[in-house]
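Residue numbers start at 1 and run along the sequence shown. Note that the coordinates shown come from a computational prediction; the quantities given were computed from them, not determined experimentally. Ligands are counted one by one from 1 in listed order, and the atoms in each one are counted from 1 as well.
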Amino acid sequence: MTITHISAECYPIAKVGGLADVLGALPKYQNELGVTAQVVMPFYNNKFTKSHNFKPIYNDTIQLDETDYDFRILTLKDNTLGFEVFFVDVPELLYTDFVYTSDDTERFLAFQIAALDWIAQDDTVPDIIHCHDHHTGLIPFMVQESFKYNRLRRIPVAFTIHNAQYQGWFSHDLVGLIPDFKFKHVGLLDWNHVINPLAAAIKCSWIVTTVSPSYMDELKQDANGLESLLSDEHAKCIGILNGIDTEVWNPETDPLIIDNYNQETVEFGKQANKAFLCKEFNLDINKPLFAFIGRLVGQKGADLFPAIFTDALINNDISILLLGSGEKHTENELNILKHKFNTNNYNAFIGYDEKLSHIIYAGADFLLMPSRVEPCGLNQMYALKYGTVPIVNSVGGLKDTVEDIDYGGFGICHNEVSVAEVSHAITRASEFYNSEKFKQTRTEIMSIDHSWHASAQSYLNVYNSLNPFL
Ligand code: ADP
Ligand code: GLC
């Protein structure tokens with residue numbers, strides 16, 4: 001069975017968030033199950049593409065709105081990733097410093113059309129096309145409807161919703177950019193009078209998955225306008241929990257952390273990483289360290305962080321360290337907070353830093369995730385693997401992976417994202433830190449198995465349900 005994943009992100013090539021982590025791991029674990037899984041992604045202008053060598057395997061031209069764009073398909077010369085990657089190089093549109101820009105409609109349309117043009121002309125076509133998020137949401141429609149992809153029409157297309165908040169909306173004025181199809185089917189592209197790539201993907205894919213069972217349920221109540229569509233299409237929708245790549249995320253072998261450790265050496269190991277963080281960020285090592293890592297956006301509850309941190313720091317003897325970037329207003333407020341708390345109990349690194357994130361998972365005592373919406377969330381699973389107790393709002397994948405200590409579990413859960421609720425959860429956590437059970441819990445959580453093995457197999461079962469002859 002050959003599976004072609006198509007995505008805007010893939011770790012370690014280009015990462016903004018968890019989408020990249022999934023695309024960097026799922027194909028590798030699928031390959032271990034004896035299938036051939038590969039990734040098609042854009043060729044960006046970033047650290048990875050600048051430091052690796054590529055080989056062109058195909059050249060062609062696409063036309064978008066009367067303009068011709070030359071493109072190439074590239075592969076990596078020395079690939080040690082565990083799966084093949086095909087890069088779509090449209091220099092004029094995709095070779096940008098950032099994965100996402102303010103002008104993504106044309107960019108990702110060019111990506112999707114070039115990818116399909118290349119796939120459709122090849123001698124062998126994949127058995128499954130698996131698209132991820134709205135940047136690839138027009139592929140299921142084009143495979144089904146665009147005349148020039150007739151050859152691909154019988155290939156089952158799977159689509160995974162990693163985040164339904166973002167849908168890629170654009171005006172019907174741009175419909176001419178999509179390769180010709182029977183115009184009476186234009187309704188498949190539409191949702192509320194605009195072209196909605198996420199909605200089109202849900203309508204046209206053979207199967208729709210999302211990244212946790214609870215998020216699948218929640219989407220029927222709240223999917224940023226697509227609730228009724230997801231309810232109508234529920235028969236082809238399924239939630240499959242993401243896994244974590246334990247070859248990358250393992251405190252025993254992780255080359256990015258200060259000291260490696262396992263369940264036997266967790267106390268010393270975590271202390272060494274915490275000591276590094278406390279020195280680097282001027283924090284008191286004797287206080288429990290609470291951390292946040294992630295995008296500073298409403299989805300993650302970030303707008304409330306300045307108020308939550310203020311309240312929590314006044315009421316508890318703790319330290320807080322944040323690593324993140326996102327909305328400018330929140331970034332500024334989090335920086336201002338550094339001056340308010342001139343004691344050594346708060347610091348923030350505004351930016352993106354992969355290495356620092358690993359050290360924080362290793363060195364923190366608690367990881368905060370007060371997300372309003374969390375389709376899966378990988379951070380809480382990384383935290384568990386590194387013996388760091390997660391504090392989560394019980395939604396989506398957080399609900400499916402973290403159980404509260406008061407109910408026989410191992411994390412701190414709350415059911416609302418407000419200053420009072422999160423601050424109360426932090427107080428509960430700092431009491432837990434001082435209890436006898438804390439050290440035992442952090443040792444135990446390291447052995448919870450969230451590896452990709454089971455989920456990679458679940459995806460293969462889904463593909464087989466689409467074509468039992470694969
Ligand atoms: P989302 O995809 O919604 O951002 P996930 O929990 O699925 O959330 O995944 C986030 C991923 O991005 C994790 O690997 C996390 O460590 C990483 N990450 C997020 N922000 C940063 C940052 N500022 N620096 C380093 N890593 C980050
Ligand atoms: C999205 C979601 C996150 C999920 C990730 C990978 O970015 O916000 O919850 O873990 O995709 O599926």
> Any idea which protein heavy atom is nearest atom 5 (P) of ligand 1, and the distance to it?
Replying inline: Leu378 N, 3.7 Å

>> For the 3.5 Å polar cut-off, considering only N or O atoms, please tell me whether Gly351 and ligand 1 meet it.
In response: yes

>> Against ligand 1, does Tyr382 come closer than 4.0 Å with any heavy atom?
In response: yes

>> What verdict does the ring pair (Phe, Tyr, Trp, His ring centres under 6.0 Å) test give for Tyr29 and His453, after you've listed the backbone C-alpha separation in whole Å, the side-chain angles of each residue and the deciding distance to 0.1 Å?
In response: CA-CA 7 Å; Tyr29 285 84; His453 299 289; 5.3 Å; yes

> Partners of Trp206 by ring pair (Phe, Tyr, Trp, His ring centres under 6.0 Å), sequence neighbours excluded?
Replying inline: none

>> Under 4.0 Å between a side-chain nitrogen and a carboxylate oxygen: does that hold for Glu354 and Lys15?
In response: yes

> Hey, does Met369 come in under 3.5 Å of ligand 1, counting only N/O atoms on both sides?
Replying inline: no

> Under 4.0 Å between a Lys/Arg side-chain N and an Asp/Glu carboxylate O for Lys274 and Asp365?
Replying inline: yes

> Just how far is it from atom CD1 of Ile161 to atom NE2 of His134, taken to the nearest 0.5 Å?
Replying inline: 12.0 Å

> Is the shortest side-chain N to carboxylate O distance from Asp303 to Arg372 below 4.0 Å?
Replying inline: yes

> Passes side-chain hydrogen bond (donor to acceptor under 3.5 Å, both in side chains), Lys220 versus Ser228? Steps please.
Replying inline: CA-CA 7 Å; Lys220 289 169 201 154; Ser228 63; over 6 Å; no

> Under 4.0 Å from any heavy atom of Gly324, which atoms of ligand 1 are there?
Replying inline: 23 (N)

> Does Lys300 approach ligand 1 within less than 4.0 angstrom via side chain, backbone, both or neither, non-hydrogen atoms only?
Replying inline: side chain

> Any idea which protein heavy atom is nearest atom 4 (O) of ligand 1, and the distance to it?
Replying inline: Arg295 NE, 2.8 Å

> Can you find an N or O of Lys15 that's nearer than 3.5 Å to an N or O of ligand 1?
Replying inline: yes

>> To the nearest 0.5 Å, what is the distance between CG on Asn196 and CG on Asn192?
In response: 8.5 Å

>> If you measure every N or O of Asp21 against every N or O of ligand 1, does any of those distances drop under 3.5 Å?
In response: yes

> Applying side-chain hydrogen bond (donor to acceptor under 3.5 Å, both in side chains), which residue pairs with at least one partner in residues 94-109 are found, sequence neighbours left out?
Replying inline: Glu9-Tyr100, Asn45-Tyr95, Asn45-Asp97, Thr96-Arg107, Thr101-Asp104, Asp104-Arg107

>> Tell me if the centroids of the rings in His130 and Tyr459 come within less than 6.0 Å of each other.
In response: yes

> For residues 372-417, which residue pairs qualify under ring pair (Phe, Tyr, Trp, His ring centres under 6.0 Å), counting only residues two or more places apart or in two chains?
Replying inline: Trp249-Tyr382, Tyr361-Tyr382

> Can you list the atoms of ligand 1 that are under 4.0 Å from a heavy atom of Asp353?
Replying inline: 24 (N), 25 (C)

> Under a 4.0 Å N-O cut-off, is there an ion pair linking Asp406 with Arg428?
Replying inline: yes

> Considering Gly18, Gly294, Gly17, which one's heavy-atom position lies nearest to atom 7 (O) of ligand 1?
Replying inline: Gly18

>> So if I only count non-hydrogen atoms and take anything under 4.0 Å from ligand 2, which residues does that give, chain by chain?
In response: Gly18, Leu19, Val22, His162, Asn163, Val211, Asn242, Arg295, Gln299, Glu374, Pro375, Cys376, Gly377, Leu378

> For atom 13 (C) of ligand 1, which candidate among Ile244, Leu398, Leu296, Asn379 provides the closest heavy atom?
Replying inline: Asn379

>> Out of Phe292, Tyr361, Tyr352, who is nearest to atom 15 (C) of ligand 1 when you count heavy atoms only?
In response: Tyr361

